[in-house]
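Keep in mind it's a predicted model, so treat the numbers as computed, not measured. Residue numbering restarts at 1 for every chain, and letters A, B, ... go by the order of the sequence lines.
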Amino acid sequence: MHKLLTATEAVARYVEPGAVVGMGGQNINRCPMALVHEVIRQEIGQLTVVGCNLSLPLDMLVACGLVARTEQGTGNLERYGTLFAWRRAVERGEVSVGDHSHLAMATRFAAGALGLPYLPTRSLLGTDLLEDLVTAGVAVEAVDPWSNRPLVLLKAMTPDVALIHANRVDVSGNVVIEGVTSHEVDMVRAARVTIVSAEEVLPAGSFADRPEQVTIPEAYVTAVVAQPFGAFPTSVYRAYDFAEPEVKEYQALGRAGDDELQAWIAANLGDSFEDHLKIRDASGAMREALVAQMGRLV
Amino acid sequence: MHKLLTATEAVARYVEPGAVVGMGGQNINRCPMALVHEVIRQEIGQLTVVGCNLSLPLDMLVACGLVARTEQGTGNLERYGTLFAWRRAVERGEVSVGDHSHLAMATRFAAGALGLPYLPTRSLLGTDLLEDLVTAGVAVEAVDPWSNRPLVLLKAMTPDVALIHANRVDVSGNVVIEGVTSHEVDMVRAARVTIVSAEEVLPAGSFADRPEQVTIPEAYVTAVVAQPFGAFPTSVYRAYDFAEPEVKEYQALGRAGDDELQAWIAANLGDSFEDHLKIRDASGAMREALVAQMGRLV
Amino acid sequence: MSSAVDGPVRGGDAAALPRELLVVEGARQIRDGDLVIVGTGLPLLAATLAQKTHAPEAKLVIESGVMFPKVVPTPVSVVDPRLMHGASRHGSLFEALGGLVQRGLVRTGFLGGAQVDEYANINSTWVPRPDGSQVRLPGSGGANDIASHCEQVVILTNHEKRRFPARCDYITSPGFLGGPGERAKAGLGRLRVKVVTDLCVMEAEDSALVVTALMPGATAEAVLSNTGFIPKFRESLDIVALPDPEEIRLLREEIDPACVYFPERTRP
Amino acid sequence: MSSAVDGPVRGGDAAALPRELLVVEGARQIRDGDLVIVGTGLPLLAATLAQKTHAPEAKLVIESGVMFPKVVPTPVSVVDPRLMHGASRHGSLFEALGGLVQRGLVRTGFLGGAQVDEYANINSTWVPRPDGSQVRLPGSGGANDIASHCEQVVILTNHEKRRFPARCDYITSPGFLGGPGERAKAGLGRLRVKVVTDLCVMEAEDSALVVTALMPGATAEAVLSNTGFIPKFRESLDIVALPDPEEIRLLREEIDPACVYFPERTRP
């Protein structure tokens, strides 16, 4: 089945207001920027955004007032600082938060991926993190019946829609990701619907001679979107490095305030992601440099 | 760290009498024949053999009187029939059996692979299979605290030593498997020790330009053994097809009786796996044909 | 193994063998777009036939970890390279049986078994000999998982009395367990079962198996005398439609040209 | 951020900066052959230094799924391509934190945090402002998992009073919780903690943190006045050994040549 849509079509069809959105990417790598820009353009709000590390795309959604809740392991950009819009919205009580460890989030996605109501973990024990998750109704303290030692049961996380960006996908939805996959494979397998944007969309069967190398099989993919540089300004392993000046510019605005962020987003979003890329990098020289930079690293 | 040993050294060092042996391969594919031959040569007995589908290598071990117990999903060779030595030994009460579904075994290995005492499953419910596993102390009936629906907790399976055969491995122990991996990845991750034999052993870092394609990372591998055709007469995907006449010959003997099997094994085992290959295929023509046959399929 | 209807069955231009009809009727249980989990043997032939006829978008899942292969004739094992060809992914048992089957994405599963009882429970673990000793069988494999999680289970089998006891000697894979409501009580989801034999089609949904159709030339009496329990018959019994010539051609020329699963068929 | 020891510390031929000494002392906590889980920043520099000196067989695990990379200077994120280079495997968070850390194969983990309390518990979730409102921090990430499952946790941090409260405002990652025995009671395994600051080294094992060594030039008084609880001092206090010139050279020329994590250092 041919699953190729435009970002506009895919997001309009599959991302609903109030949805639980599984966010792909981590920090400055392979964030689904093109898809998230489209959510912003279509102003789809009241979202619950879930992931392991949430970074740039979440902060943009929060800055645009589209997020009601997040469930995650971390919200930050590591060396480039906190997520300022998210932090402010959380501190003001506008965005509620479910804090997890990264293994706890990965475990919740794995439960969903396996069709199980929960999976156990030996993380979280003894901490306030656990107490809060129990209060939120997503963790239960239990006992291993064999050893009688305590452990924690974590409720399956099954997003309504997962958004990821990949190196390559065929039109049937077979996805190839290079570099680490963070939490994405299990998140996609757990989600009801998945939209994959990719640097390259290839004909059906393009990976059929090496099926071991398919990271996510078509069984889990609903829609496919072609978008070169679709993770910009974050990186795609072996394709292009992340754009540090862009991240720093965003963070400087984030530090300044929500108005500054909103103004920047409004001025730079454009009518399409291609349009956005032209606004930020009219000549293409920045993208060329990021490709060259990655080339020196791999 | 350099992990290359001979099969003789690796088996002598890491397979102890009475060990729980995690058996790689499935049916007629990628069974660790060279390693199992070595266990037979060294007459290491009282083994508990665990896997999902157990086939030819288990039956040979049983025929040689080296197996006390099996835990598995199936014991057979599909189209080529039952495992006759195993079946007879089980029926005589000489080998005890823990019956699982394949997902139940895979779940037990996954628990071990994740450092968890158990994982839940929604399989097994309502069946005699479950009752027997509860009696054996490896399954517990439980209730999902969110829905109050029944499910089953399955105790982690952590083999003392896992034996697998792979397409390629580097001397550090990074393993590349082509085709399906059955239960092997989680079994290896759960095992205390793993011996990998492979068609090709490559220098350290041979896969470092494509780490996504490493099926099992060196962190889990204890010893590496070089053995071309080490899965013969079973197949290695993209390398060689299985040898149907060999499987049929073994099964005909198996059907005939234990004495016939033992005589055949004694006559064919040789002093090394290379020796065995020469006994079965002096000219190498059979192996050449199996390579050609696989070439036409991939 | 005896078959109550031995000779060829005339279907369109071709004379369909009884086991060919089994495969064709099996294929009809697959809806276009279904994910179908099969092993080898007649179920795989049925699923491949469905793909080549009314269900081109039906996709195969193989428990060993193969997803959506393009089958090369004729695989004899779930890890046969002929069953790995051209796949969407080569993964693991845990991915196939956990990530797809238990996850609820595989609608239809094909199963076999030494015994299928009145409530469609399956035994593939052991059966008693007349002297009371046990015959050890291969065991569950993925069967228990498929019967636990698929919406629809299809069983293709010869119709023999010993295969259809009132109650399995051992329940390996759950049908409706002890009767209506028991599946839900055990924590299992809804299921439809269709048993296709060389004599008839039997169906069940939270119930005992009911004969709903007869194979061409078969009689209710033959069904009764070859079944270890007394099945109900639906009031309006269908007759299973004969294969059309194209189905027979596909089976013989494309799907199992070497007669691996049809030793009784000699190629012209 | 204030540092109680500001100037360069003379070590062999080179004048080591206080934060360089932190990194060197951090590196010393790694045993050859250890699996070590690190994020970015000083811990990664420490682990890389260990590999280049006394622990060539120490292997890095990165929570994002990178196993055993050959670090290219200077990664700023756990998914930085500079941290994926030449790895044994690119996998998933679940593989790294479940399959290695929870599985018990990673001996040593490096952690940071806004607060580290007397019992070595860590807070990286939120801290109170003077007005009582909350400052939202990044959250646990893999820290809780590392503190739950590794044998040894190493914390490299500036020594500031607000960073070392008697009790964390929120326990994100477990040290020894409320005191001796509580970790085992909660179901957690054994742990050794080593906190390395610009003033001292503190250690704990099912106990409160005890000062076991001072940084060169630092005093017990400075430690006391910059700590929010009153730590015990071991009777025989060590002085942390100065880096040797080769360590400083490695740090400056090979490990962080662009001064990404040493803005205070200007290259000659």
Side-chain angles (χ1 to χ4, degrees), chain A residues 25-30 52-53 72-80 82-83 86-88 90-91 97 99-107 109-110 121-129 143-144 149-151 178-186 234-235 237-238 241-242 244 293-294 297-298, chain D residues 39-41 62-66 72 76-82 84-85 87 90-98 101-102 121 123-126 133-149 168-174 177-178 182-183 185-189 260-261:
Chain A
Q26 177 173 5
N27 286 299
I28 47 76
N29 185 52
R30 243 178 354 80
C52 277
N53 165 269
Q72 80 294 320
T74 39
N76 74 335
L77 274 157
E78 292 182 278
R79 172 128 194 94
Y80 305 104
T82 194
L83 302 183
W86 174 70
R87 186 170 95 173
R88 281 189 294 266
V90 171
E91 290 180 359
V97 177
D99 265 296
H100 299 68
S101 74
H102 274 172
L103 180 56
M105 282 304 302
T107 300
F109 287 128
T121 183
R122 296 192 293 107
S123 285
L124 305 174
L125 292 164
T127 64
D128 291 321
L129 216 48
V143 160
D144 166 24
R149 289 183 60 175
L151 43 65
E178 302 191 22
V180 295
T181 57
S182 304
H183 61 299
E184 292 170 300
V185 175
D186 280 336
T234 68
S235 57
Y237 195 60
R238 294 204 188 93
D241 204 353
F242 68 100
E244 186 178 57
Q293 232 164 271
M294 180 60 85
L297 292 169
V298 293
Chain D
T40 52
I62 315 298
E63 61 162 45
S64 57
V66 188
V72 175
V76 296
S77 160
V78 291
V79 289
D80 192 317
R82 291 150 197 84
M84 295 197 212
H85 182 77
H90 293 160
S92 67
L93 269 160
F94 204 43
E95 286 178 57
L97 292 173
V101 173
Q102 184 172 256
N121 303 297
N123 176 10
S124 53
T125 304
W126 62 264
S133 68
Q134 294 184 1
V135 180
R136 174 67 216 191
L137 304 173
S140 161
N144 174 283
D145 310 308
I146 291 165
S148 297
H149 308 298
C168 285
D169 289 290
Y170 186 96
I171 299 184
T172 310
S173 304
L177 303 172
E182 287 217 1
R183 209 177 144 89
K185 216 176 87 192
L188 294 163
V260 172
Y261 288 100

Do A:Cys52 and A:Gln26 make a side-chain contact, defined as non-hydrogen atoms from C-beta onward lying under 4.5 Å apart? no

Step by step, work out the side-chain hydrogen bond (donor to acceptor under 3.5 Å, both in side chains) result for A:Asp241 and A:Ser235. CA-CA 5 Å; A:Asp241 204 353; A:Ser235 57; 5.2 Å; no

Measure A:Val97 against the heavy atoms of chain D and call it side chain, backbone, both or neither at under 4.5 Å. side chain

As an exercise, state the distance from CG of A:Asp128 to OG1 of D:Thr172, rounded to the nearest 0.5 Å. 7.5 Å

Applying a strict 4.5 Å limit to non-hydrogen atoms, the region of A:Met294 in contact with chain D is side chain

Specify which of A:Arg30, A:Glu184, A:Arg87 makes the most heavy-atom pairs with chain D at under 4.5 Å. A:Arg87

Between the side chain of D:Asn123 and the main-chain N/O of D:Thr125, is any donor-acceptor distance below 3.5 Å? yes

Distance-only, no hydrogens or angles: does the A:Glu78 side chain make a donor-acceptor pair with backbone N or O of D:Val78 under 3.5 Å? yes

What residue in D:Gly91, D:Gly189, D:Gly98, D:Gly65 has the most heavy-atom pairs under 4.5 Å with chain A? D:Gly91

Of the backbone (N, CA, C, O) and the side chain (C-beta and beyond), which part of D:Gln102 lies under 4.5 Å from a heavy atom of chain A, both, or neither? both

Give, as side chain, backbone, both or neither, the part of A:Gln293 having an atom under 4.5 angstrom from any heavy atom of chain D. side chain

If one checks every heavy atom of D:Leu177 against chain A at 4.5 Å, the contacting part turns out to be side chain

Against chain D, work out which of A:Leu129, A:Leu103, A:Thr74 has the most heavy-atom pairs shorter than 4.5 Å and name it. A:Leu103

So which residue, D:Ser64, D:Ser140, D:Ser124, D:Gly141, ends up with the most heavy-atom pairs under 4.5 Å with chain A? D:Gly141

Going by distance alone, is a donor N or O of one side chain under 3.5 Å from an acceptor N or O of the other, for A:Ser123 and D:Ser148? no

Heavy-atom check, side chain of A:Leu77 versus side chain of A:Leu83, under 4.5 Å: yes

Shortest non-hydrogen contact from A:Leu125 to D:Gly187? CD1-O, 3.7 Å

Could you tell me which of D:Asp80, D:Val72, D:Thr40 has the largest number of non-hydrogen atom pairs under 4.5 Å with chain A? D:Asp80

Given heavy-atom pairs under 4.5 angstrom as the criterion, report whether the side chain, backbone, both or neither of D:His149 touches chain A. side chain

Do D:Ser173 and A:Thr127 touch side chain to side chain, with heavy atoms closer than 4.5 Å? no

Below 4.5 Å from any heavy atom of chain A, which atoms of D:Val76 appear? Answer side chain, backbone, both or neither. both

Residue part contacting chain A, namely of D:Ile146, when any heavy atom lies under 4.5 Å: neither

With a 4.5 angstrom heavy-atom cut-off, is it the side chain or the backbone of D:Ser92 that approaches chain A, or both, or neither? both

Please look at A:Asp144 and chain D and tell me whether the side chain, the backbone, both or neither of the residue comes under 4.5 angstrom of a heavy atom of that chain. neither

With respect to chain A, which residue among D:Gly142, D:Cys168, D:Ser77, D:Gly139 yields the maximal number of heavy-atom pairs within a distance under 4.5 Å? D:Ser77

Need one label for A:Gln72: side chain, backbone, both or neither, based on atoms under 4.5 Å from any heavy atom in chain D. side chain

Backbone of D:Val260 reached by a side-chain donor or acceptor of A:Arg79 within 3.5 Å: yes

Under 4.5 Å heavy-atom distance to chain A, tell me which part of D:Val101 shows up: side chain, backbone, both or neither. neither

Which answer fits A:Val90, side chain, backbone, both or neither, if we ask what part of it has an atom under 4.5 Å from a heavy atom of chain D? side chain

Less than 4.5 Å to any heavy atom of chain D: does that hold for the side chain of A:Phe109, its backbone, both, or neither? neither

I'd like to know if the side chain of A:Ser101 reaches the main chain of D:Asp145, judged simply by a donor and an acceptor atom lying under 3.5 Å from each other, with no hydrogens or angles considered. no

Per-residue contact mode, A:Asn53 against chain D (heavy atom under 4.5 angstrom): neither

Ranked by heavy-atom pairs below 4.5 Å to chain D, first place among A:Thr107, A:Thr234, A:Val298 goes to A:Thr107

Residue selection (most heavy-atom pairs with chain D, distance under 4.5 Å) from A:His183, A:Arg149, A:Arg122: A:Arg122

Can you find a heavy atom in the side chain of A:Arg238 that is under 4.5 Å from one in the side chain of A:Leu297? no

Between A:Thr82, A:Val185, A:Asp99, A:Asn76, the one whose heavy-atom pairs under 4.5 Å with chain D are most numerous: A:Asp99

If we only count heavy atoms from C-beta on, is the D:Leu93 to A:Met105 side-chain gap below 4.5 Å? no

Are a donor atom and an acceptor atom from the side chains of A:Glu91 and D:Ser133 found within less than 3.5 Å of each other? no

